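Predicted model, so just to flag it, every value in this text is computed and none were measured.
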Amino acid sequence: MVNRNQTEENPMKYGFYQALGMALLVIGAQGAIRQLVDHDARLPGWLPGGFAASITVYVLAVVIGAVIAGRAHNARRAAGD
């Protein structure tokens, strides 16, 4: 006999992943815009490569954040919450 609670996914974790993805998306977008306006203002200043490397990091943060938030949103809707 299978416990019903073991088979269901916890919809709360989807909310956490969705919030994490949205935070990553917002931080990446804000950083990329700031980088385009002022080339010297960059959070990942320790990266070698200058402007190209830092804008790449911000764009990757935006893309990864959008994917995480989108998948979490779809999974949460499929779970019925």
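- Interatomic distance, L20 CG to K13 NZ, rounded to the nearest 0.5 Å: 14.0 Å.
- Legend: residues meeting side chain to side chain contact (heavy atoms under 4.5 Å, CB included) with A69, ordered by chain and number and at least two apart, are M22.
- Of all non-hydrogen atoms in Y14 and A72, the two that sit nearest each other are O-CB, 3.5 Å.
- With values rounded to the nearest 0.5 angstrom, I33 atom CD1 is found 14.0 Å from D38 atom CG.
- Across all their heavy atoms, A53 and P48 have their closest contact at CB-O, 3.3 Å.
- Evaluated for a side-chain contact (heavy atoms from CB on, under 4.5 Å) with H73, the options R77, R76, R71 yield exactly one hit, R77.
- Between L25 and I68 the shortest side-chain heavy-atom distance does not fall below 4.5 Å.
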